[in-house]
Amino acid sequence: MDVFGDEAFNVPDSTDWLGTPLACLMPVEQAFRCHVCKDFYDSPMLTSCNHTFCSLCIRRCLSVDSKCPLCRATDQESKLRGNWALREAVEAFKNSRKVLLEFARTPPTIQAILPDQAGPSSPSKRKATEMEGPKEEDPESKRPRRSTRSTRARAAELTAAILQEEQDTTPSADPDYVDQPPDDGLVACPICLTRMKEQQVDRHLDTSCPGSPQAASKRRPIPAQTPQPSTFPSFNTRLTSQTNQKPPERLPALAYSMLRDTALRKKLSELGLSTHGSRQLLEKRHKEWITLWNANCDSSRPKKRSELLRDLDEWERTVGNPGTAAGGGGGQQGLGLMARAQATGAQIKDKEFDGKAWATRYGGSFGDLIKQARQGIKRQTLDGNGEKADTKGGGGGEDVGPAELPTLQAREGESSAAPTRMDIVPPSSPPRPGQVDDADTEHDGQAPGKDAIAEDTAMREQVIPGTPDKERQWETSQQQQPPIPGDAQLSGMKKPNPETC
Amino acid sequence: MSLNVAQRRLLQEYRALTNNPPEGITAGPISEDDLLHWECLIQGPEGTPFEGGVFPAELKFPNDYPHMPPTMKFLGDIFHPNVYPSGLVCISILHPPGDDPNHYETASERWSPIQSVEKILLSVMSMLAEPNDESPANVEAAKMWREKRSEYEARVKASVRASLGL
């Protein structure tokens with residue numbers, strides 16, 4: 001399972017802090033993560049029972065169960081309220097996380113600054129807290145500057161250590177600085193606040209004082225330093241964008257039982273959504289759109305409509321269309337598949353078409369097609385790309401596009417190389433035995449030869465791992481998939497054809 | 001874009017399980033081609049007839065995980081009142097949200113999106129230690145457990161030993 005060292009699968013998690021001196025940040029990060037998706041809160045919403053979830057997560061939960069997932073108190077979508085303070089806190093933590101983690105993972109720097117603090121080998125929560133205190137205070141005490149800077153800035157300073165100290169003492173981040181009298185050797189007139197030499201004050205009061213405070217430019221010869229907007233860009237822009245833009249309006253839920261098919265179709269087309277599929281699918285699609293839309297309304301950076309449509313499409317291809325999953329609503333499978341078969345052609349031509357997901361989903365069928373195609377191109381591919389396929393083998397999978405698959409599979413063809421791949425091949429994804437047989441007979445008819453026989457044995461070997469019981473389950477679930485018009489099309493587009501090779 | 005909610009959450013859980021593994025449990029996706037299909041190993045809890053055994057099982061997640069629970073199936077033979085002879089585990093945490101039509105379980109015991117693979121496996125471990133004979137999946141095992149406890153324990157121990165190849 002170490003194949004998961006892949007970059008694409010590198011999901012940050014609160015347990016990343018374990019093993020660093022800042023292990024105490026694990027519960028902090030956990031507090032910033034949604035209980036449902038385990039990711040950082042995205043548009044956090046408060047329920048009536050005072051629990052917080054991502055807007056999308058809680059809306060989905062409520063549409064399934066109408067209960068708070070944590071305490072199971074009954075709740076309604078309309079009662080959700082935004083938890084804006086948490087949203088800002090999460091945003092701030094997310095922004096500082098990378099720097100903090102890098103800092104925590106480079107203990108040598110810490111020891112260089114603090115020779116008296118020996119790095120603990122297995123930091124307990126408490127130890128880490130003790131460590132953290134002096135670490136953060138120590139560099140502060142060296143500096144003459146009092147400040148209320150963010151942890152991010154602090155961490156950055158710490159890592160860059162003393163080098164930065166000189167440049168960093170500019171007062172840019174300190175709003176209080178503005179109110180201090182400038183150190184110019186002058187004093188202010190107690191009445192008009194004009195600055196002058198101390199000796200001049202008496203004469204000024206007697207003769208030229210206008211009697212009321214003067215303009216700021218006169219009072220403060222130092223370039224005016226209003227609190228720097230540049231210091232808090234995200235905060236300010238967010239505030240203005242909130243006040244200036246009218247938030248999009250939320251969509252009301254529909255009582256589907258009160259609607260006829262035609263009315264529901266009309267509603268969908270008014271929203272610009274697809275109107276094909278079974279009644280059940282229409283309802284689910286409408287519901288999902290409302291969930292996506294309303295959750296987007298809670299976001300500080302709402303997505304565009306086109307992005308939401310893409311999300312809906314993604315949903316339709318996975319959750320909404322239970323062709324591939326173990327769970328899902330089995331009853332409407334056939335209808336869902338029909339709808340998908342209809343949509344397939346357009347889908348593949350779509351600019352947004354998710355090739356990776358497609359490749360993952362039809363990996364087995366691709367395998368069969370590739371096997372046919374391999375007949376002609378096998379030798380050349382092996383010589384050219386054998387090594388590449390070998391290195392890829394460890395981390396293969398989703399990131400291997402359909403175009404790269406032939407090399408992988410071709411490698412398996414060699415019986416000596418088969419074991420490497422077999423470790424990775426899950427019992428869940430053998431090629432469909434039925435199809436393999438078909439393909440075999442075809443091969444035998446078309447181009448019988450040594451290669452074909454070697455491949456056949458390789459393919460059969462591949463089927464062996466896992467219990468036979470599981471195989472059968474997989475087989476049946478695979479056979480419920482559509483006759484794959486897309487595969488034929490794809491193969492026409494991307495795969496070399498055995499006949500032409 | 002390439003990862004949907006279910007996949008992302010499962011990766012997150014996998015990551016947490018590898019960084020901070022709970023005792024007696026190993027779990028992870030079998031292949032990165034299909035993150036919805038996991039294999040796990042559970043140690044038999046100490047002080048039970050299952051002690052010393054290591055039980056492989058598979059978890060299959062629906063596309064709308066975590067809103068719906070996965071199914072869990074032991075891959076080897078396991079004689080237990082709450083495990084079907086096919087290996088399928090029958091435990092309240094794996095039952096979809098809502099009230100049980102048979103009123104065996106209250107809604108509070110059932111699946112909720114805040115549950116996780118770790119919690120499931122810990123529940124299964126405690127299920128091994130303390131069977132629930134109210135809604136048995138394996139009637140023979142439940143009856144034996146209730147009426148002839150020593151015979152049940154002997155049978156479980158024998159199967160554990162057999163599974164270890166002793």
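Contact check on B:Asp64 versus A:Arg60 returns no salt bridge, with no Lys/Arg side-chain nitrogen under 4.0 Å from an Asp/Glu carboxylate oxygen. Under 4.0 Å is where a charged nitrogen must lie from a carboxylate oxygen, and between B:Arg8 and A:Asp39 at least one such pair does.
Heavy-atom neighbours of B:Arg161 CZ from other residues, nucleotides or ligands within 6.0 Å: at or below the threshold of 12. Around atom CD of B:Glu23, no more than 12 heavy atoms belonging to other residues, nucleotides or ligands sit under 6.0 Å away. Under a cut-off of 6.0 angstrom, the local environment of NZ in B:Lys119 is crowded, with over 12 non-hydrogen atoms contributed by other residues, nucleotides or ligands. For B:Asp77, the CG atom counts as loosely surrounded, since its 6.0 Å shell holds 12 or fewer non-hydrogen atoms of other residues, nucleotides or ligands.
With a threshold of 4.5 angstrom between heavy atoms, A:Cys57 approaches chain B through N, CA, C or O but not through any side-chain atom. Interface residue A:Leu18: only side-chain heavy atoms are found under 4.5 Å from chain B.
Residue A:Lys67 holds its NZ atom at 10.5 Å from OG of B:Ser112, rounded to the nearest 0.5 Å. Rounding to the nearest 0.5 Å gives a distance of 12.0 Å between NE2 of A:His35 and CD of B:Gln115. Here the CZ-CG distance, from A:Arg317 to B:Asn4, works out to 10.0 Å after rounding to the nearest 0.5 Å.
Across A:Thr15, A:Asp13, A:Asp16, a single residue satisfies side-chain hydrogen bond (donor to acceptor under 3.5 Å, both in side chains) together with B:Arg15, and that is A:Asp16.
A:Glu307 is linked by a side chain to side chain donor-acceptor pair (under 3.5 Å) to nothing, counting only residues two or more places apart in sequence or in another chain. Residues that satisfy the side-chain contact (heavy atoms from CB on, under 4.5 Å) test with A:Lys287, not counting sequence neighbours, are A:Ser63, A:Tyr256.
At least one donor-acceptor pair under 3.5 Å links the side chain of B:Gln12 to the backbone N or O of A:Pro12.
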Would A:Val64 and B:Met68 count as a side-chain contact (heavy atoms from CB on, under 4.5 Å) if you check the C-alpha gap in whole Å, the side-chain angles of each, and the deciding distance to 0.1 Å? CA-CA 9 Å; A:Val64 171; B:Met68 285 295 160; 3.7 Å; yes
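Considering only heavy atoms from C-beta on, B:His67 comes within 4.5 Å of A:Cys61 through its side chain.
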